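Since the structure comes first, as structure tokens, the remarks are kept for the end.
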Amino acid sequence: MSIITLQSVKKDFGIKEILKDASFSLDATDKVGLIGTNGSGKSTLLKMIAGLEPVDSGQIISNSGAKIIYLPQQPDLDENRTVLEQIFADSGEKMALVREYEEISDKLAHYPEDNQLMSRLAVVMQRMDAIGAWELETNAKIILSQLGIADFDAPIGTLSGGYRKRIALATALLTEPDVLLMDEPTNHLDALSVEWLQSYLNRYRGALLLITHDRYFLDQVTNRIIEIDRGDIYTYSGNYSYYLEKKALAEESAISSQRKHQGVLRRELEWLKRGPKARSTKQKARIQRIQAMRETEFKQTQGKVDISTVSRRIGKKVIELNNIGKSYNGRTLIHDFSYEFSPEDRVGIIGGNGAGKSTLMNMITGRVEPDAGSVEIGSTIHIGYFDQHSEELLTALNENQRVIDYIKEEGEFVKIADGNQITASQMLERFLFPGNQQYAPIHKLSGGEKRRLFLLRILMSAPNVLILDEPTNDLDVQTLAVLEDYLEDFSGCVIVVSHDRYFLDRTVDTIFALEAGGNLRQYPGNYSVYLDYKKAEEAQASGSNTKEKTKNSQELKVTAQTKNVEPKKRRRLSNWETREFEQLEGKIAQLEAEKAAAETALANVAPGNYTQVQQLYDQVQTLTQAIDAATERWLELAEIDSSGNG
């Protein structure tokens with residue numbers, strides 16, 4: 001059943017026609033990936049569906065009562081709220097019931113004989129049971145933890161843009177809407193958080209329409225792809241891999257049809273030039289048919305970014321890091337790290353948010369001085385640094401500058417790979433900036449177009465070392481594919497900081513993982529190979545520590561009750577928290593039993609059955625995360641219970 005329907009929707013921004021005559025529907029169980037080049041109108045389409053952007057003509061119809069949540073790239077949050085207050089702000093009936101339950105419980109503590117309060121409490125509790133409101137706070141904390149947010153009481157105003165995006169994402173997930181519209185939800189998430197979100201959305205029961213550059217994510221989450229191509233809408237029933245296959249076939253078919261048309265037209269024109277003597281009705285009809293063929297327009301294959309700039313010579317000495325270290329506010333980000341980059345290196349830097357990846361890049365490029373050690377750059381080295389904040393920098397400094405003038409600052413002419421020179425305007429066209437857009441101010445560009453423009457200028461400078469800090473943020477999948485091809489043939493050193501698993505698999509052959517205490521650990525191979533190493537290590541550690549973990553779990557209650565920690569706030573557990581506390585003990589025991597059974601099954605899998613190994617391993621990981629989350633909450637409640645009764 002359709003939950004949202006677009007009928008003949010048109011949208012035009014003057015210099016660009018976004019939608020010509022768009023019609024499609026979104027069913028209640030659809031999980032749709034929206035793709036297209038930067039500036040094609042993907043974000044605009046989401047805003048129109050969310051009711052935040054008007055349509056020029058046509059209409060968008062949504063089911064009455066359908067709850068639609070829109071997650072933009074730059075969410076607007078209340079800076080005066082704490083993380084949990086923001087999360088619960090849109091929780092609707094569930095949160096209202098939780099608050100009412102707490103208010104009635106407080107009143108009953110003072111007026112235990114009030115029958116009206118007791119009756120209302122019974123109604124509220126029954127409704128909370130029916131809609132699952134008891135687990136609201138627990139679920140919220142689990143989602144926040146999985147997205148890398150640990151301080152639930154932090155004011156929104158003190159957090160970075162990346163953390164705000166994750167809080168907005170958690171808020172959207174917790175509201176459980178009928179339709180979830182998501183614009184680049186994986187931006188600012190590390191690889192582990194992306195994998196968790198992927199798993200969560202696979203279980204999500206509502207309709208989903210999302211924009212993302214993460215092709216693994218698209219492949220695993222979506223069951224339909226909608227492409228915006230120069231104002232037209234094309235729908236493919238399948239995931240991203242299916243779309244690529246059908247898109248290639250469609251382009252081949254279109255090229256074949258155009259060739260046949262041109263062949264027929266050429267023969268007909270030759271006949272016409274010979275000047276047929278008789279002007280019979282048949283001949284007049286043929287002449288009219290030729291005229292119609294001449295006026296037939298074929299849509300050209302979607303333009304692709306053409307990266308063919310040259311790179312300069314690179315010497316043997318590239319970049320040497322000698323025992324470098326860096327700390328901020330007493331926290332060690334990089335500890336005593338040494339490495340000599342070679343001209344052929346393809347290195348991927350990974351780690352959690354805030355681990356120090358960008359700090360390491362800034363030390364290499366000289367933007368930040370190390371606290372200890374030294375960085376030496378070879379005399380022939382010219383670094384091209386694609387910063388993850390390039391769009392903000394470009395907008396702030398050049399907001400009203402014309403696109404072509406920004407590029408001309410690097411050079412009027414560009415030397416390309418075949419040795420020829422082309423103009424800055426021609427290079428812009430290769431980067432999908434048509435003539436009318438070249439003379440528009442930069443602030444007219446979309447976020448992705450600004451990133452593509454900045455990438456062009458970097459490559460025009462002919463670097464022999466490329467440092468790409470989160471290059472996939474806001475770049476469309478088409479541009480990323482061409483960039484990956486370019487890096488394969490790039491004659492220089494490449495250093496990539498990214499959470500994009502697909503991009504890392506395509507571009508690097510060594511992984512440096514930033515671990516606790518600022519240590520950088522080296523793994524051979526791309527990101528998928530790195531994951532294989534980590535899974536093998538964790539499986540080995542899990543097998544040896546299972547008994548010890550079980551023993552620790554059994555001692556949980558004793559440990560919690562004997563902790564001598566002064567609570568932040570001396571209070572008693574509410575009735576709701578008391579019930580949650582009692583339920584968690586049994587829940588943890590059940591999860592531990594399920595995990596032990598899964599680990600036993602994993603140890604007994606027949607050799608060579610890799611599919612079952614992967615399934616059981618994923619099950620163990622999921623159960624481990626659930627146990628950790630439930631245990632952390634149990635300890636928190638146990639501490640309150642102990643201090644309140646002490």
Side-chain angles (χ1 to χ4, degrees), residues 65-67 69 78 80-145 149 152-153 156 167 170-178 204-206 556-557 560-561 563 565-591 626-627 629-646:
K67 186 174 185 179
I69 294 294
D78 188 340
N80 296 316
R81 288 174 174 161
T82 66
V83 171
L84 275 183
E85 286 171 347
Q86 180 64 48
I87 288 292
F88 292 142
D90 297 321
S91 296
E93 184 185 4
K94 285 185 179 182
M95 194 57 208
L97 285 169
V98 170
R99 287 173 175 164
E100 186 177 0
Y101 176 86
E102 291 291 339
E103 289 172 2
I104 295 172
S105 297
D106 287 341
K107 289 178 181 177
L108 280 172
H110 296 91
Y111 308 103
E113 306 297 327
D114 193 320
N115 291 328
Q116 275 191 322
L117 286 176
M118 290 293 293
S119 298
R120 181 56 191 165
L121 183 64
V123 172
V124 170
M125 290 175 65
Q126 186 177 11
R127 183 59 186 156
M128 288 177 72
D129 279 329
I131 65 173
W134 295 105
E135 298 180 357
L136 179 63
E137 186 171 5
T138 302
N139 290 340
K141 290 182 177 180
I142 289 173
I143 290 174
L144 286 169
S145 298
I149 299 170
F152 305 140
D153 297 320
I156 299 294
I167 291 165
T171 304
L173 297 178
L174 199 65
T175 55
E176 299 177 345
D178 300 299
Y204 174 64
R205 295 181 180 179
L556 201 60
K557 187 172 183 178
Q561 290 176 339
K563 282 181 71 174
V565 179
E566 183 66 26
K568 291 181 179 179
K569 205 171 187 179
R570 185 174 290 275
R571 66 176 180 86
R572 294 179 179 273
L573 290 176
S574 68
N575 292 340
W576 171 48
E577 288 174 327
T578 300
R579 175 170 173 161
E580 182 188 7
F581 186 34
E582 293 169 351
Q583 291 176 339
L584 277 172
E585 207 167 298
K587 182 179 179 181
I588 292 170
Q590 180 184 346
L591 290 170
I627 290 168
T631 299
E632 184 176 348
R633 179 61 175 160
W634 192 94
L635 283 168
E636 180 183 346
L637 295 174
E639 185 177 328
I640 296 171
D641 183 53
S642 176
S643 63
N645 293 322

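Throughout, numbering of the chain's residues begins at 1 and tracks the sequence. Please read these numbers as outputs of a predicted model, since none were measured by experiment.
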For Ile627 and Leu591, which heavy atoms make the closest approach, and how far apart are they? CG1-CB, 3.5 Å
For residues 111-127, pull every pair meeting salt bridge (charged side-chain N to carboxylate O under 4.0 Å, His left out), keeping only residues two or more places apart or in separate chains. Glu93-Arg127, Glu100-Arg120
Going from CG on Asn80 to CD1 on Ile156, what distance comes out if it is rounded to the nearest 0.5 angstrom? 10.0 Å
Qualifying residues under side chain to side chain contact (heavy atoms under 4.5 Å, CB included), relative to Asp129, sequence neighbours excluded: Trp134, Arg579
Could you check if a side-chain atom of Asn139 sits within less than 4.5 angstrom of a side-chain atom of Leu174, using non-hydrogen atoms only? yes
Any idea which heavy atoms bring Phe152 and Val83 closest together, and the distance? O-CB, 3.2 Å
Residues which pass side chain to side chain contact (heavy atoms under 4.5 Å, CB included) with Ala109, listed by chain and number, not counting sequence neighbours: none
Measure across Pro177 and Ile69 and return the closest heavy-atom pair with its distance rounded to 0.1 Å. CB-CG1, 3.5 Å
Sequence-distant partners of Gln590, side-chain hydrogen bond (donor to acceptor under 3.5 Å, both in side chains), two or more places apart: Glu594
Distance in Å, Ile104 CD1 paired with Leu121 CG, rounded so as to fall on 0.5 Å steps: 5.5 Å
Minimal heavy-atom distance between Thr175 and Lys67, with the atoms involved, is O-NZ, 3.6 Å
Taking the side chain as every heavy atom from C-beta outward, state whether Thr171 and Ile167 have any atom pair closer than 4.5 Å. yes
